[in-house]
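Whatever order the structure lists them in is the order used to number ligands and atoms, beginning at 1.
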Amino acid sequence: MTLTAGRLLDALARSAATRYGGEIVSELEHALQCAELAREAGADEELQLACLLHDVGRFAVDQSLVSDTTERTAVGTGARGHHEVGADLLAPWVPERVAWCVRMHADAKRYLCATEPAYVERLSSISRHTLRLQGGVMSADDAARFAAHPWLPDALALRRWDDLAKVKGTPTRSLADWAPAIRRYVP
Ligand SMILES: [Fe+2]
């Protein structure tokens, strides 16, 4: 799919009808809550955008192309993680840091599982299920390499907001409020 702002906004709007994995919020509510948490925390616009779009590989992509799908679709050959597929979709348009944060949001979970034992306990059952599909807990060598990356704090912040953005009824800005930010990057 060639990405346009219109298609992206349509896909986000349609994701209001899809539950986020097995969680109680919709995919749209999850995206808006994640972006809102970033905004409230004073994150810059790039990181807010990464939060809004981090699951684009779930809501704007044919799920037969996704290996860690939570939907009951058959996974096709050559399928990859939703974070990889989503980051590739965004990469031509958004700043490199935004695409990197989207690409790394599963690895950030794997990293936190490796470095904060209590983190695993707080994961939802769906998130534990997808952790296995995403490669499981990160090895010590990979965690040390990941820790050296200058954008690691961004990836971890996104991940923590991602984990919190599952509360039914949380007030957020609307999708229309985010449209100008999307249109600033995607044509
Ligand atoms: Fe998410």
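At least one N/O/S atom of H54, whether from backbone or side chain, sits less than 2.8 Å from the Fe ion (ligand 1). Taking 2.8 Å as the threshold, C34 does not count as a candidate ligand of the Fe ion (ligand 1), since none of its N, O or S atoms lies below it.
With the Fe ion (ligand 1) as the vertex, OH (Y20) and NE2 (H30) define an angle of 90°, rounded to 10°. In this structure, OD2 of D55 and OD1 of D162 enclose an angle of 170° at the Fe ion (ligand 1), rounded to 10°.
One N or O on the side chain of H54 and one on the backbone of C51 form a donor-acceptor pair closer than 3.5 Å. Of the possible polar contacts, one joining the S15 side chain to the L28 backbone as a donor-acceptor pair under 3.5 Å is found.
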Problem set entry | side-chain hydrogen bond (donor to acceptor under 3.5 Å, both in side chains) assessment of K109 paired with Q134 | CA-CA 9 Å; K109 177 168 72 172; Q134 291 158 353; 3.1 Å; yes

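Of all heavy-atom pairs between E36 and W178, the closest is N-CZ2, 4.3 Å.
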